[in-house]
Protein chains: 2
Amino acid sequence: MSQVTIQALAKELNLSKSTVSKALKDSHEISVETKERVLRMAKLLQYKPNPYASSLRRKKSNTIAVVIPEVADSFFSQAIKGIEEIAQTKGYHVLIYLTYENSEKEKKILEDVQSGRVDGVLMSVSSETSSTEHIDVLHAAGLPLIFFDRTIQKITTDKVRTDDYESGYQAARHLIERGCKHIAFLSISSHLDIDNNRLNGYKAALTDYNCAVSEKMIVLCTNNAAENYDILLQLMKKKQRPDGAIASVEKLITPFYLVCRKINLSIPADVKVIGFSNLATAQILQPPLTTITQPAFEMGKTAAAILFKALEKRNYSWREEDVIIRSELIIRDSTDMK
Amino acid sequence: MSQVTIQALAKELNLSKSTVSKALKDSHEISVETKERVLRMAKLLQYKPNPYASSLRRKKSNTIAVVIPEVADSFFSQAIKGIEEIAQTKGYHVLIYLTYENSEKEKKILEDVQSGRVDGVLMSVSSETSSTEHIDVLHAAGLPLIFFDRTIQKITTDKVRTDDYESGYQAARHLIERGCKHIAFLSISSHLDIDNNRLNGYKAALTDYNCAVSEKMIVLCTNNAAENYDILLQLMKKKQRPDGAIASVEKLITPFYLVCRKINLSIPADVKVIGFSNLATAQILQPPLTTITQPAFEMGKTAAAILFKALEKRNYSWREEDVIIRSELIIRDSTDMK
DNA sequence: CTGAAAGCGCTAACAG
DNA sequence: CTGTTAGCGCTTTCAG
């Protein structure tokens with residue numbers, strides 16, 4: 001707790017605290033020598049302005065909230081890095097909130113955040129979130145809110161996302177070109193636009209290339225690792241098992257590989273697979289994984305940049321930007337011909 | 001920004017703000033029916049107490065800082081999860097600061113954090129940090145500080161770490177038992193106690209099992225991915241190349257695998273490798289990686305728990321705890337015989 | 001049981 | 001160029 005207040009500093013200098021305050025802010029209405037005196041003394045006494053007193057007065061916290069489903073995922077880790085990096089240069093502080101894919105938690109967090117604790121919010125919605133009213137409320141409160149990655153289309157806000165539809169299309173087309181006939185789409189949520197967009201891209205590619213779209217090939221997974229393993233095991237043990245698969249989310253990759261190993265399916269000979277993933281280890285997997293790699297770091301950075309731009313403006317109005325940063329298909333052995 | 005203040009709420013209820021304040025805190029000196037009225041109206045008006053006004057008055061922020069070198073690493077991701085989870089249950093807020101392994105940044109962050117912004121700090125020191133004075137200062141300021149994972153032995157603080165010496169010993173012994181004669185130790189820092197402890201464990205095992213300890217086998221890597229690749233490539237191209245390796249840090253694993261592939265060294269036939277790592281993908285690598293797996297989530301949780309316990313006490317005194325949570329050797333194919 | 005008043009540390013009019 | 005004053009929204013004595 002900082003003991004030395006601006007009052008103490010002023011007293012030491014025989015100045016008023018307002019003069020000291022202005023001097024510390026390098027105000028033009030203070031003489032150069034006074035500024036120097038103040039700065040020197042501030043350093044000497046190790047004066048640290050109390051941020052909350054300042055926030056209270058200025059009605060500005062210089063803090064943002066990052067609300068995400070989880071952190072043990074390389075996408076969000078990299079996104080956080082992008083956000084934190086730019087926040088640091090702008091002198092902002094970053095509060096992290098995890099929703100654990102739970103809509104109730106998300107709601108609570110968003111309520112709390114309206115207290116004035118933060119100047120703005122960066123968010124990637126939880127997979128369980130279907131209703132949007134808790135977001136509308138925050139929105140109505142006038143708090144700048146930027147969605148990144150997992151956006152909600154129908155809410156009017158700035159968004160930073162990737163080309164999910166095209167990526168889904170590209171992934172499916174790649175598998176078709178590599179000879180797959182029955183391509184499974186492994187999804188994590190039927191609510192998330194991001195998943196639906198990828199799914200729609202996948203369906204469009206199948207249709208364009210005269211492959212039947214079968215509901216049986218669209219597999220909804222959960223947030224539970226053990227359950228996912230079972231779901232994938234059931235899928236791959238079927239007679240009519242897929243010969244290609246698209247994992248729409250990173251955490252399905254490990255169970256998918258394990259299931260294939262368990263039942264002696266060879267990747268890519270028996271089944272080819274593409275993962276939406278930012279894993280550094282994709283290239284050293286057995287076999288190396290073909291990925292749709294998202295620009296996670298850039299997305300975090302861009303979302304933060306848009307937020308800070310908004311915060312610097314006087315009257316912020318919604319939905320100024322809908323930025324799309326392209327993902328990249330990186331072909332590796334998991335989709336090799338035979 | 002919350003528009004409805006406690007004043008407005010009081011006016012609406014024809015009560016004084018002090019009564020309302022007490023009622024909201026469920027004070028015993030307020031009648032039950034008044035409490036109910038207040039609570040109902042608070043809900044109706046969507047009253048959100050301004051946290052900074054409260055913090056200013058109470059000199060307590062209900063916020064902690066987590067200061068770590070990076071986040072795109074599965075150890076820290078999981079640790080954050082552990083921290084956040086318990087913070088959420090305790091009603092605390094979590095500020096994230098990344099040092100990028102840079103001692104200067106770390107210093108700046110710790111200075112800022114003394115402003116009263118947080119009630120305590122959880123920290124894992126940067127690999128560049130050798131001097132400790134910036135930590136002493138924070139320490140002297142009386143701000144509770146808990147180290148986790150990357151601790152500094154000589155600083156008196158609560159610590160949560162893993163059994164690094166034993167892990168290093170165990171890793172080396174395992175490689176010796178699997179027939180390795182020339183075991184490299186891939187380190188990231190010569191300052192970090194954590195690295196030195198692992199290194200010392202490694203050395204002790206070599207000595208105990210009559211293997212020569214050679215300085216040439218102790219390889220100092222950097223924080224730059226490209227550089228690390230080159231360093232490892234040079235190492236493995238030598239005539240006297242190692243037939244076993246211990247990666248003391250997760251990020252060296254991918255370059256190590258890539259180098260081996262590049263120069264056609266087979267893992268484990270030509271060289272066996274163990275990684276200190278929490279990677280979910282360890283089991284599906286080519287080949288599956290033998291790991292020393294740290295209890296990252298538990299370490300984060302424990303560190304946070306100790307901090308909160310400290311915050312609840314009146315007069316906190318240092319170095320009450322030095323908790324060691326054991327890591328686990330998980331044997332996989334990368335250290336197979338032949 | 002309720003209210004009046006003071007003040008946390010800072011900033012921003014407004015005077016001088 | 002410097003100082004006085006008021007107040008951000010809340011909590012906490014201390015009276016009533």
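Protein chains get the first letters and strands the later ones, always in sequence-line order, with residue 1 at the start of each. None of these values were measured; they are calculated from a predicted model. Keep in mind that the numbers below use all heavy atoms, side chains included, and drop hydrogens, waters and symmetry copies.
Between the side chain of A/Ser126 and the backbone N or O of A/Glu101, at least one donor-acceptor pair lies under 3.5 Å.
A/Asn62 has its CG atom 15 Å from the P atom of C/dC10, to the nearest Å. To the nearest angstrom, P of C/dG7 lies 18 Å from CG of A/Asn50. Atom pair B/Ile6:CD1 and D/dT12:C1' shows a separation of 12 Å (rounding to whole Å applied). Whole-Å rounding puts the A/Gln114 CD to D/dG9 P distance at 16 Å. In this structure, B/Lys11 places its NZ atom 15 Å from C1' of D/dG9, rounding to the nearest Å. To the nearest angstrom, C1' of C/dG9 lies 13 Å from CG of A/Leu24. Between A/Tyr52 atom OH and D/dG9 atom P the separation is 18 Å, expressed in whole Å. Protein atom CZ of A/Arg58 is 12 Å distant from nucleotide atom C1' of C/dA12, rounded to whole Å.
Applying the side-chain hydrogen bond (donor to acceptor under 3.5 Å, both in side chains) rule to pairs touching residues 74-83 of chain A yields A/Ser74-A/Glu250, A/Ser77-B/Ser77, sequence neighbours excluded. Residues in residues 15-24 of chain B take part in no salt bridge (Lys or Arg N to Asp or Glu O under 4.0 Å) pair, two or more places apart or across chains. Here ring pair (Phe, Tyr, Trp, His ring centres under 6.0 Å) pairs that include residues 12-52 of chain B, with residues two or more places apart or in two chains, are A/Tyr52-B/Tyr52.
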I'd like to know whether A/Lys154 forms a salt bridge (Lys or Arg N to Asp or Glu O under 4.0 Å) with A/Asp193, so could you lay out the CA-CA distance, the side-chain angles of the two residues, the decisive distance to 0.1 Å, and finally the verdict.
CA-CA 10 Å; A/Lys154 63 181 169 187; A/Asp193 285 334; over 6 Å; no
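Aromatic ring orientation, A/Phe76 versus A/Phe148: perpendicular (interplanar angle above 60°, classes split at 30° and 60°).
For the helix from C/dC1-D/dG16 to C/dG16-D/dC1, the angle separating the two terminal helix axes comes to 40°, with each axis derived from five pairs and the value rounded to 10°.
Across all strands, A/Thr34 comes closer than 4.0 Å only to sugar-phosphate atoms, never to a base (heavy-atom distances).
Between the NE2 atom of A/His191 and the CZ atom of A/Arg150 there is a distance of 11.5 Å, given to the nearest 0.5 Å.
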Could you write out each protein N or O paired with an N or O of nucleotides 3-7 of chain D at a distance under 3.5 Å?
unit_1 : atom_1 : unit_2  : atom_2 : d
D/dG3  : OP2    : A/Ser16 : N      : 3.0
D/dG3  : OP2    : A/Thr19 : OG1    : 3.0
D/dG3  : N7     : A/Ser18 : OG     : 3.2
D/dG3  : O6     : A/Lys22 : NZ     : 2.5
D/dT4  : O4     : A/Ser18 : OG     : 3.0
D/dG7  : N2     : A/Arg57 : NH1    : 3.3

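Using a 4.0 Å cutoff on non-hydrogen atoms, the parts of residues 37-47 of chain A near DNA chain C are A/Tyr47, ordered by number.
In this structure, a donor-acceptor pair under 3.5 Å is absent between the side chains of B/Gln88 and A/Tyr100. In summary, the side chains of B/Ser31 and B/Thr34 do present a donor paired with an acceptor at a separation below 3.5 Å, with no hydrogens or angles considered. Looking only at atom types and distance, the side chain of B/Thr19 has a donor-acceptor partner in the side chain of B/Ser16 under 3.5 Å away. For the 3.5 Å distance criterion, the side chains of B/His134 and B/Glu111 fail to qualify, holding no donor opposite an acceptor.
The only member of A/Ile30, A/Leu9, A/Val38 that meets side chain to side chain contact (heavy atoms under 4.5 Å, CB included) when paired with A/Leu15 is A/Val38.
Set against C/dC10, C/dG9, D/dT11, the side chain of B/Lys25 has D/dT11 as its closest nucleotide. The nucleotide whose nearest atom lies closest to any side-chain atom of B/Thr5 is, among C/dC8, D/dC10, C/dT11, D/dC10.
Each of A/Pro51 and B/Val32 was matched to the nucleotide of DNA chain C holding its nearest heavy atom; the match closer to the 5' end belongs to B/Val32.
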